[in-house]
Amino acid sequence: MLDKMKLWKSQPISSNFQERVMRIKKQEVPSHVAIIMDGNGRWAKKRALPRVAGHHEGMKVVRKITKLANELGVKTLTVYAFSTENWKRPKMEVDFLMKLPEEFLGTFLPELVKENVQVKMMGYREKLPAHTLRAVESAINETKNNTGLILNFALNYGSRAEILEAVKHVLNDSNNGIISEKDLNEETFSSYLMTSELADPDLLIRTSGEIRLSNFMLWQLAYSEFWFTDVLWPDFGEEHFVEAIEVYQNRQRRFGGV
Ligand code: V0D
């Protein structure tokens with residue numbers, strides 16, 4: 001009996017990472033995955049490092065997960081890099097964060113281009129430092145004809161502000177006879193959001209044990225599956241992403257088909 005247990009334990013189904021990846025690819029892969037990358041500061045604190053060390057480590061994880069998402073056949077990966085609330089952080093932390101897009105793109109853009117990744121951004125561009133915006137816009141432009149994974153950075157993004165802006169835009173269009181009340185529905189309203197060119201996320205991942213939306217894609221996440229983990233973002237690895245997708249696929253199997 002003990003031997004049987006051992007045998008079974010040593011050969012769990014899909015223990016091997018590559019096997020799990022292959023199995024995932026044979027099933028319905030979520031087209032759009034959104035991630036709230038929380039826990040960078042906590043990761044640093046645990047190691048007696050400055051918070052920015054956690055942000056820097058977290059940046060490398062974005063690159064790693066982008067590559068895996070692309071390999072799995074995910075079409076869009078949206079990552080919450082900076083919220084409209086994050087301006088309240090100490091100036092030195094904000095200044096550091098605003099240099100990360102340049103460092104990320106300086107290091108990884110050539111690889112992303114090779115992998116056919118398309119960089120996009122959603123958020124309020126006005127408040128961003130010129131150097132940050134320049135780097136992001138240049139990456140968007142350099143990758144605009146790529147046809148692979150869309151890597152969508154939510155940068156100075158807030159969902160309530162996004163919805164309010166959309167409402168104001170609708171009112172304005174209505175006043176100018178561009179849209180009438182009878183033509184306003186969920187589909188036409190969606191076209192006024194920052195995600196007008198993107199499908200709604202199928203799966204939301206939030207790390208670091210917080211079970212909240214924190215003003216992230218409130219409209220777009222209406223029908224999405226949520227997966228939360230206590231793992232801090234800098235500790236988030238391929239195995240965690242694969243686990244999230246497996247959980248998504250199991251839920252689809254159980255509840256998806258009517
Ligand atoms: C810190 C964890 C990549 C979350 C990830 C400006 C917080 C690392 C970018 C990035 C941040 C953004 C745009 C772009 C290319 C890269 C990034 C910020 C923070 C805030 F075009 N990581 N990353 N941006 N962190």
Side-chain angles (χ1 to χ4, degrees), residues 33-47 49-70 76-113 115 117-144 146 148-158 194 198 204-210 212 214-217 229 231-237 240-241:
V33 178
I35 311 183
I36 304 176
M37 310 178 287
D38 215 350
N40 304 287
R42 213 175 308 166
W43 181 91
K45 192 172 182 182
K46 268 174 52 178
R47 286 164 177 74
L49 294 168
R51 287 174 58 80
V52 294
H55 296 317
H56 194 264
E57 198 63 25
M59 180 189 75
K60 295 190 250 167
V61 177
V62 175
R63 195 287 170 263
K64 189 170 66 181
I65 298 305
T66 300
K67 195 178 173 92
L68 176 59
N70 201 9
T76 307
L77 181 68
T78 295
V79 291
Y80 207 177
F82 194 88
S83 83
T84 49
E85 304 309 301
N86 288 155
W87 296 109
K88 295 175 190 158
R89 293 184 179 178
K91 181 173 172 356
M92 90 121 256
E93 187 178 336
V94 170
D95 288 349
F96 182 92
L97 284 167
M98 287 302 155
K99 287 179 196 146
L100 286 181
E102 288 145 286
E103 183 175 353
F104 179 96
L105 296 165
T107 313
F108 301 128
L109 188 59
E111 292 167 32
L112 296 176
V113 169
E115 289 159 19
V117 169
Q118 209 182 329
V119 175
K120 288 197 186 215
M121 176 208 147
M122 64 172 184
Y124 294 93
R125 283 166 156 79
E126 307 80 61
K127 273 208 207 164
L128 295 172
H131 64 93
T132 308
L133 195 57
R134 211 178 305 125
V136 177
E137 294 288 10
S138 139
I140 291 169
N141 193 47
E142 275 185 60
T143 62
K144 66 169 186 271
N146 288 356
L149 176 102
I150 295 169
L151 175 56
N152 181 36
F153 288 97
L155 230 172
N156 194 24
Y157 172 84
M194 291 172 179
L198 303 176
L204 170 78
I205 296 173
R206 182 166 188 162
T207 58
S208 192
E210 310 298 342
R212 295 189 291 271
S214 302
N215 204 19
F216 187 56
M217 300 183 92
T229 177
V231 173
L232 309 177
W233 179 251
D235 291 327
F236 193 87
H240 301 112
F241 192 76

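Order of appearance sets the numbers: ligands from 1, and atoms from 1 within every ligand.
- Near Phe82, meaning under 4.0 Å from any of its heavy atoms, are these atoms of ligand 1: 20 (C).
- Taking each of Pro129, Ala81, Ser138 in turn, the one with a heavy atom nearest to atom 7 (C) of ligand 1 proves to be Ala81.
- Per-residue contacts place Gly58 under 4.0 angstrom from the following atoms of ligand 1 (heavy atoms of the residue considered): 5 (C), 8 (C).
- Closest to atom 22 (N) of ligand 1, if we only count protein heavy atoms, is Met59 CG, 3.9 Å.
- Looking at Asn70, its side chain never comes within 3.5 Å of a backbone N or O of Val117 through a donor-acceptor pair.
- With ligand atoms numbered from 1 in the order given, ligand 1 contributes 5 (C) to contacts under 4.0 Å with heavy atoms of Val62.
- In terms of protein heavy-atom proximity, atom 6 (C) of ligand 1 is nearest to Leu97 O, 3.3 Å.
- Atoms NZ and CZ, from Lys67 and Phe108 in turn, are 10.5 Å apart once rounded to the nearest 0.5 Å.
- Ring planes of Tyr80 and Phe216: parallel class, angle under 30° (limits at 30 and 60°).
- In this structure, Arg47 contributes its side chain and Trp43 its backbone to a donor-acceptor pair below 3.5 Å.
- Of the protein's heavy atoms, Phe153 CD2, 3.4 Å lies nearest to atom 12 (C) of ligand 1.
- The nearest pair of heavy atoms linking Pro101 to Val136 is CB-CG2, 3.9 Å.
- Close approach of ligand 1 to Leu100 is summarised as follows: ligand atoms under 4.0 Å from at least one heavy atom of the residue are 1 (C), 11 (C), 19 (C), 25 (N).
- Met121 does not count as a contact of ligand 1, since none of its heavy atoms falls under 4.0 Å from the ligand.
- At a 4.0 Å heavy-atom cut-off, ligand 1 does not touch Val79 at all.
- Here the closest heavy-atom approach between residue Gly106 and residue Pro110 is recorded as O-CD, 4.4 Å.
- Scanning all protein heavy atoms for the shortest distance to atom 2 (C) of ligand 1 gives Asn40 ND2, 3.6 Å.
- For ligand 1 and Met37, the ligand atoms under 4.0 Å from any heavy atom of the residue are 2 (C), 4 (C), 5 (C).
- Taking the side chain as every heavy atom from C-beta outward, Phe82 and Met98 approach each other to under 4.5 Å.
- With respect to the salt-bridge test (charged N to carboxylate O, under 4.0 angstrom), the residues Glu210 and Arg42 qualify.
- Arg206 and Ser214 share a side-chain donor-acceptor pair at under 3.5 Å.
- When heavy-atom distances to ligand 1 are checked against a 4.0 Å cut-off, Leu155 comes that close only through its side chain, counted from C-beta outward.
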